[in-house]
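Down below is the structure, laid out as structure tokens.
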Amino acid sequence: MTQGLFGPIETNGLALDPIGRRDHLTFRGNVAVGRHGWLRLTPSYSLALVRELLEKSGSNEFVLEPFSGTGTTPLACAAMGIRCHAVEINPFLVWLANLKLTRFDEGTGAAVQAAASRIAKDAHVPRAAAWKPDLHQIEKWWNLPTLHALATLCEGIKQLRPEPAPGVVDLLRIAFCRVMIQTANVSFGHQSMSFRKGGETAENGLVRESPAHCTGRVAKAFLAAASEVADSLLVDPPRAEAQVFYGDSRDLTAILPERGYTAAITSPPYPNRMSYIRELRPYMYWLGFLSDGRAAGELDWKTIGGTWGCATSMLGAWTPNGCGEIPFPHFNRIIHDIGKGHVLLGRYVHKYFQDIKIHLASLRTVLAPGARCHYIVGNSKFYDTLLPVEGIYAALFEDAGFMNVRVEPIRKRTSKKELYEFVVHARMRSIPTLRTNSRPAAV
Ligand SMILES: C[S@@+](CC[C@H](N)C(=O)[O-])C[C@H]1O[C@@H](n2cnc3c(N)ncnc32)[C@H](O)[C@@H]1O
């Protein structure tokens with residue numbers, strides 16, 4: 001048994017079970033922490049973990065988070081007074097994270113609560129049907145009275161007069177999102193969201209109640225959410241400059257305004273077919289970031305590891321783009337074995353690692369000499385084939401010219417025996433090496 005960064009670990013491969021689930025090392029541990037807890041989204045990883053990784057940061061640390069998601073890394077950095085730039089391909093997540101990183105004026109919380117009170121009061125005024133998003137089978141998500149009440153609140157935020165102080169409308173949108181998901185007929189018992197079966201309650205909008213009663217209940221929940229959002233502004237506010245840039249982490253030079261990052265801390269998407277778009281859809285439709293299913297699939301196709309909607313059919317036409325082999329022993333055999341179960345799955349895994357290879361080539365171009373990298377990744381299993389994601393990452397880091405590459409197991413992911421999360425640590429060389437393949441291939 002040795003001492004890992006996140007507690008005692010077994011290092012001899014098969015004996016990893018003592019690690020256990022360690023749920024505080026997932027997004028569940030973030031829920032009570034100020035702005036981190038605004039929306040409970042599964043892309044996010046553990047704040048405790050990021051804080052540990054930042055503990056030894058000096059005053060010159062400049063962090064890069066290439067897969068920002070809900071902004072856990074930049075927000076942790078900003079609260080600790082560490083500069084951070086982040087990159088994210090989903091525009092809703094860029095908006096959300098940059099809002100979390102905003103340094104609001106002192107009176108903003110009170111202005112949010114005052115505006116929420118006006119909107120909640122107006123929600124009782126009878127009006128013609130307000131706009132609802134074109135979300136597929138929206139009636140599965142909310143019953144009609146709940147939908148009407150949500151649409152009225154949404155309209156109330158849009159129509160707010162007089163114009164509130166900067167940031168207030170965006171913060172009200174967060175309060176709205178909290179209520180919208182709280183009243184939806186979904187549960188978050190597993191890694192990702194699922195529709196609830198049975199169990200009629202007022203909260204999930206399935207119980208029969210009068211429209212007026214429903215409006216009152218939803219408006220009250222909105223007021224409570226606005227008050228929680230207002231309170232959260234006082235917890236660990238950002239102290240250093242941190243910003244999320246919209247773009248593709250396979251081409252970091254095109255997005256980032258600076259170079260010379262001293263650390264890269266992230267959890268990239270995992271090759272486990274989990275689509276972030278699936279869970280983010282209700283937020284993205286209500287807030288106007290998505291308007292139809294085709295756009296959702298197209299956005300997921302742009303992400304690494306996306307499989308939602310038309311992304312799956314696009315994968316059918318994908319072929320390796322010649323950025324070179326994946327330098328891991330038996331990689332082609334693994335792909336072949338996964339492909340025997342389903343040909344698209346083999347291709348999915350192949351494309352995933354090709355994309356990561358392109359990303360790491362791009363990462364080298366923006367890091368400072370000697371910069372440290374910490375990538376939190378999870379392994380996967382397809383049919384009977386275990387995909388050693390952490391080992392393939394380690395091999396890709398080495399191939400891209402990084403040194404001191406090391407894999408550290410941190411927690412068990414599910415009750416399934418073989419699924420774990422790891423940190424892959426690596427360091428940029430202090431003296432840049434001349435490499436012939438250092439140019440990122442075309443995406
Ligand atoms: C595991 S999540 C990141 C979680 C994040 N550390 C947090 O705590 O919220 C991976 C993120 O990578 C984003 N992503 C996928 N492909 C990308 C790409 N090519 N460029 C930038 N971001 C991408 C996804 O949209 C998703 O939000």
Side-chain angles (χ1 to χ4, degrees), residues 25-31 33 35-51 53-54 63-77 84-98 100-101 191-192 242 244-256 264-281 283-284 289-290 296 298-308 311 348 351-363 366 374-378 380 389 393 413 421 423 440-443:
L25 292 184
T26 71
F27 70 94
R28 290 185 185 86
N30 304 1
V31 170
V33 190
R35 305 171 192 212
H36 289 281
W38 278 354
L39 305 178
R40 185 193 155 133
L41 302 173
T42 39
S44 67
Y45 67 165
S46 156
L47 175 60
L49 212 140
V50 181
R51 282 180 177 158
L53 290 168
L54 291 171
V63 173
L64 173 65
E65 158 60 285
F67 299 98
S68 174
T70 64
T72 310
T73 312
L75 190 53
C77 286
C84 177
H85 281 170
V87 174
E88 171 57 53
I89 207 163
N90 182 314
F92 161 67
L93 293 173
V94 174
W95 168 81
L96 172 67
N98 278 327
K100 288 180 180 176
L101 293 168
Q191 168 72 6
S192 60
V244 184
F245 297 90
Y246 167 72
D248 190 330
S249 281
R250 285 165 291 190
D251 193 5
L252 291 166
T253 38
I255 308 157
L256 293 166
I265 301 179
T266 192
S267 66
Y270 296 173
N272 60 1
R273 299 203 63 225
M274 200 193 101
S275 170
Y276 297 114
I277 287 287
R278 177 177 179 271
E279 184 165 325
L280 298 177
R281 272 177 315 144
Y283 302 95
M284 293 182 71
F289 286 95
L290 271 182
E298 278 167 3
L299 173 56
D300 218 29
W301 176 243
K302 283 200 233 159
T303 69
I304 296 178
T307 55
W308 184 257
Y348 167 80
K351 178 174 186 305
Y352 173 88
F353 283 109
Q354 179 181 295
D355 283 342
I356 294 300
K357 183 173 177 177
I358 297 169
H359 158 67
L360 292 181
S362 174
L363 181 71
V366 296
H374 309 283
Y375 274 49
I376 284 85
V377 300
S380 310
V389 175
Y393 264 86
R413 268 170 57 209
E421 246 159 25
V423 189
V443 175

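Counting convention: from 1, in listed order, for ligands and their atoms alike.
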| remark: Nearest non-hydrogen contact to atom 1 (C) of ligand 1 from the set Tyr246, Phe245, Tyr276 belongs to Tyr276
| query | At a 4.0 Å cut-off, with the gap strictly under it, does some heavy atom of Ser46 reach an atom of ligand 1? | reply | no
| request: Determine the minimum heavy-atom distance between His36 and Thr72, stating which atoms define it. | output: CE1-O, 3.6 Å
| query | Do any nitrogen or oxygen atoms of Asn90 come within less than 3.5 Å of a nitrogen or oxygen of ligand 1? | reply | no
| Taking it one step at a time, do Asn90 and Thr303 satisfy side chain to side chain contact (heavy atoms under 4.5 Å, CB included)? | CA-CA 8 Å; Asn90 182 314; Thr303 69; 5.8 Å; no
| request: Indicate yes or no: does an N/O atom of Pro269 lie under 3.5 Å from an N/O atom of ligand 1? | output: no
| message | List ligand 1 atoms under 4.0 Å from Ser44, heavy atoms only on the residue side. | response | 7 (C), 8 (O), 9 (O)
| said: Under a 4.0 angstrom heavy-atom cut-off, which atoms of ligand 1 come close to Ser249? | reply: 18 (C), 19 (N), 20 (N), 21 (C)
| Would Leu47 and Leu75 satisfy side chain to side chain contact (heavy atoms under 4.5 Å, CB included), going step by step from the backbone distance to the final call? | CA-CA 9 Å; Leu47 175 60; Leu75 190 53; over 6 Å; no
| query | At a 4.0 Å threshold, what atoms of ligand 1 neighbour a non-hydrogen atom of Thr70? | reply | 7 (C), 8 (O), 9 (O)
| request: Could you pull out all residues at least two apart from Leu39 that satisfy side-chain contact (heavy atoms from CB on, under 4.5 Å)? | output: Leu41, Phe92, Leu96, Ile174, Cys177, Arg178, Tyr283
| At a non-hydrogen distance cut-off of under 4.0 Å, which region of Leu93 contacts ligand 1 (side chain, backbone, both, or neither)? | side chain
| message | Using heavy-atom distances only, which candidate in Pro74, Ser275, Ser267 approaches atom 10 (C) of ligand 1 most closely? | response | Ser267
| task | Heavy-atom distances under 4.0 Å are what count here, so tell me which part of Glu65 touches ligand 1: side chain, backbone, both or neither. | result | side chain
| message | Please confirm whether Gly247 approaches ligand 1 to less than 4.0 Å, judged on its heavy atoms. | response | yes
| For Tyr45 and Thr266, does a side-chain donor sit closer than 3.5 Å to a side-chain acceptor? | no
| request: Taking the side chain as every heavy atom from C-beta outward, state whether Pro268 and Val377 have any atom pair closer than 4.5 Å. | output: yes
| request: Would you please test Ile376 and Tyr270 for side chain to side chain contact (heavy atoms under 4.5 Å, CB included) and show each step? | output: CA-CA 9 Å; Ile376 284 85; Tyr270 296 173; 3.6 Å; yes
| task | Would you check whether Asp248 has a nitrogen or oxygen atom less than 3.5 angstrom from a nitrogen or oxygen atom of ligand 1? | result | yes
| query | Taking the six-membered ring for Trp, are Tyr375 and His359 parallel (under 30°), tilted (30 to 60°) or perpendicular (over 60°)? | reply | tilted
| said: If I apply the N/O under 3.5 Å rule, does Thr303 come out as touching ligand 1? | reply: no
| field | side-chain contact (heavy atoms from CB on, under 4.5 Å) partners of Thr307, counting only residues at least two apart | value | Arg273, Ser275, Thr312, Tyr348
| said: Yes or no: does Ser68 have any heavy atom under 4.0 Å from an atom of ligand 1? | reply: yes
